[in-house]
Amino acid sequence: MKKYLNIKTTAVSLMVALAIGCTDDFDEINTNDNTLTTDQLDASLAGPAFASAQYAGTHNGSYSSPGVDDQGTWGIATGIISSTFVQYMNTGFSTERNAFGGYESRGWLRFYTVAVPALQNAMLATEGDDEAQAILKIWKVFMYNQMTDHYGPIPYTEAGSGAESVAYDSQSEIYDDFFVLLDEADAVLSSTSESTAGLFQTSDRIYNGDIENWRTFGNSLRLRLALRISDVDPQRAQTQAELAVANGVMESNDESAYFATSDITPNNLNMIVNSWGYFMTASMESILKGYDDPRMEVWFAPTEDGEFRGQPAGGLNDQFGTTEFSAFNDDVLGNDYRETKPIEILMAAECYLNRAEGALNGWNMNGNAESFYESGIRLSMNQWNITDSAAIDSYIAGNSTPVVPVITELYPDLDLYDTPVDLPVSWSANEAEQRTQIAVQKYLALFPESWETWADLRRTDEQVIYPLLYTDNPDAGVGTSLMKRVIYVTNEISSNGEAVTEAINLLGGPDTGGTRLWWDVN
């Protein structure tokens, strides 16, 4: 366990060099990449360390640091795991049929050897700077939230301690601390007279240290977490959601959080989705084509015969022969080596859709569910440069429903005729249908950020995607349905076995993909 959770000098120094690769002192620091230790940290390294934590915290890796990370980080930690589970894309790997195949370890390894040490070094380097510390607390919540919502109990309190055996925290305790950290951060950021955290002004690749933007991000994250616990702790969920909205959540795309990429820190998704052979899925085709959604042509490319054709998830190897499926649009999402496409982190569109669901729950969201729903759709369209107001209004008022994927024309025996979604975009008069509509539009608005999408589908239990055609996972609760969690990594079991055993006890079920997490009670 110490191998993963200690502060690794070489890894941290290389990631710091990576994050500041476009600054004047890159060469000096990069050539001294084995000498950085925590006692050498000072305020001058606060920003670079934070940038490293941001980049690694979004599960991206740089080909510029061989031996530490590479672009396969996203491909394996995200593309083969959550993006496949939610059917944003198909890969042909074993996870498409709900079998892990060892892919569960990449995200864990990169998180605890790169993201966590970088964040801890940023915390050390900013001691005494209240605004910088507040921003780091918010980012800590963001990146640990994604990990605990993947695995369940994880090392949290003792992560990075350097101990030979590091205990895991229960997910409920981790969430308790999340809200404490967000409270502490908001108290500082709401009362400061500063407009910018000076230590982060040049290195913060998300908001350039802007205090108000980080405060808004923190409250938008609070709203997300409130919905996550709404089934297991509805009263606290309401309190936290109403507090988030009262404090101020994202209301425009200008407030959305993106990581600004560079030649040193590229967007891994853009680099590999087409070169690794990812395709649009039948679930995405069904929804996008049925709604005549203009985002389909932004995200995906037609096949040579001019068709947008999605691949059914969970197919057997070579089941579809040489059938061509839609790849990703090269101009927007695929094979971009120009390092120009930013990385989506948390979007304003999601906040409106979260408020829509909160309003249906009877929470005070400062508005009504239908208005929030429609605003979320508009912002998502605008986010992808779809700006024709009349076309967007027509989409929102649309009465068409998702369609049967065209692959059935070639393979009529496929069980794809009952589409998972049978509702139009136009706002329903029925509350249960409204909740489904919100879930569908959030599924689209979150794309391509699949870590949150997977958590949201598990929480709501809305049927947005097709069941898998086949499964390679015999564990109870898995089958062809949505996977419930990622299993613990082999190295953890062999090197920190006692702690993992206790973590499984905290999990409340076997270490399989069929065990529900603490908040997933329905």
Side-chain angles (χ1 to χ4, degrees), residues 5-9 11-20 23-26 28-29 32-33 35-57 112 114-145 155-163 174 176-219 221-222 247-248 257 259-260:
L5 299 183
N6 200 359
I7 295 178
K8 302 288 285 183
T9 313
V12 175
S13 58
L14 280 171
M15 284 303 293
V16 169
L18 178 68
I20 60 175
T23 65
D24 293 337
D25 55 353
F26 168 73
E28 177 183 351
I29 293 178
N32 194 31
D33 59 14
T35 62
L36 178 65
T37 57
T38 56
D39 62 343
Q40 293 173 308
L41 286 168
D42 59 29
S44 68
L45 290 178
F50 184 29
S52 296
Q54 290 175 343
Y55 189 60
Y112 281 111
V114 181
V116 170
L119 180 67
Q120 290 180 316
N121 280 333
M123 295 292 289
L124 288 170
T126 58
E127 286 183 353
D129 188 317
D130 291 343
E131 290 80 11
Q133 291 268 307
I135 291 171
L136 291 173
K137 288 177 181 179
I138 293 170
W139 189 249
K140 178 179 180 178
V141 173
F142 173 83
M143 68 183 214
Y144 271 101
N145 173 238
Y156 178 73
T157 304
E158 296 183 14
S161 66
I174 293 171
D176 286 343
D177 195 57
F178 285 165
F179 290 118
V180 170
L181 291 175
L182 292 176
D183 285 342
E184 292 173 350
D186 191 74
V188 170
L189 299 183
S190 63
S191 61
T192 183
S193 60
E194 301 292 333
S195 61
T196 306
L199 292 178
F200 297 153
Q201 192 165 6
T202 59
S203 295
D204 172 11
R205 303 282 281 278
I206 301 174
Y207 289 128
N208 296 315
D210 185 275
I211 296 293
E212 192 56 37
N213 277 333
W214 273 111
R215 184 176 182 233
T216 301
F217 179 91
N219 285 303
L221 181 57
R222 185 194 297 270
N247 288 344
F259 180 92

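Please read all numbers here as calculations on a predicted model, not as lab measurements. We're numbering straight along the sequence, starting at 1.
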d(Gln133 CD, Leu181 CG) to nearest 0.5 Å is 11.0 Å

Salt bridge (Lys or Arg N to Asp or Glu O under 4.0 Å) pairs touching residues 122-133, sequence neighbours excluded, are none

Separation between CG (Leu189) and CG (Asp210), nearest 0.5 Å, reads 10.0 Å

- prompt: Under 3.5 Å, is there a donor-acceptor pair between the side chain of Thr126 and the main chain of Met123?
  reply: yes

Show every donor-acceptor pair shorter than 3.5 Å between a side-chain atom in residues 194-202 and any protein atom, with sequence neighbours excluded, or say none if there are none.
none

Residues at least two apart in sequence or cross-chain that pass salt bridge (charged side-chain N to carboxylate O under 4.0 Å, His left out) with Asp186, listed by chain then number, are Arg215

Nearest heavy-atom contact between Ala122 and Phe50 is CB-N, 3.9 Å

All heavy atoms of Ala185 vs all of Ile138, minimum pair found to be CB-CG1, 3.6 Å

Across all chains, not counting sequence neighbours, the side chain to side chain donor-acceptor pair (under 3.5 Å) partners of Trp139 are none

Ser52 and Ala118 have their tightest heavy-atom pair at CB-CB, 3.8 Å

Contacts of Phe179 meeting ring-ring contact (aromatic ring centres under 6.0 Å, His included) (sequence neighbours excluded), chain-then-number -> none

Interatomic distance, CG@Asp177 vs OG1@Thr157, rounded to 0.5 Å, equals 6.5 Å

Can you label the angle between the Phe217 ring and the Tyr207 ring as parallel, tilted or perpendicular, going by 30° and 60°? perpendicular

Those residues at least two apart in sequence (or on a different chain) that pass salt bridge (charged side-chain N to carboxylate O under 4.0 Å, His left out) with Lys137 are Glu184

Test item: Asp204 side-chain N/O and Ile206 main-chain N/O as donor-acceptor pair under 3.5 Å:
yes

Of all heavy-atom pairs linking Leu182 and Gly218, the shortest is CD2-O, 3.9 Å

Minimal heavy-atom distance between Arg205 and Ala51, with the atoms involved, is CG-CB, 4.1 Å

Between Pro155 and Tyr144 the two heavy atoms that sit nearest each other are O-CE2, 3.7 Å

With distance as the sole test, does Gln54 use its side chain to make a donor-acceptor pair with the main-chain N or O of Ala49 at under 3.5 Å?
no

- Query: Looking at side-chain heavy atoms only, is the closest gap between Asn121 and Leu45 below 4.5 Å?
  - Reply: no

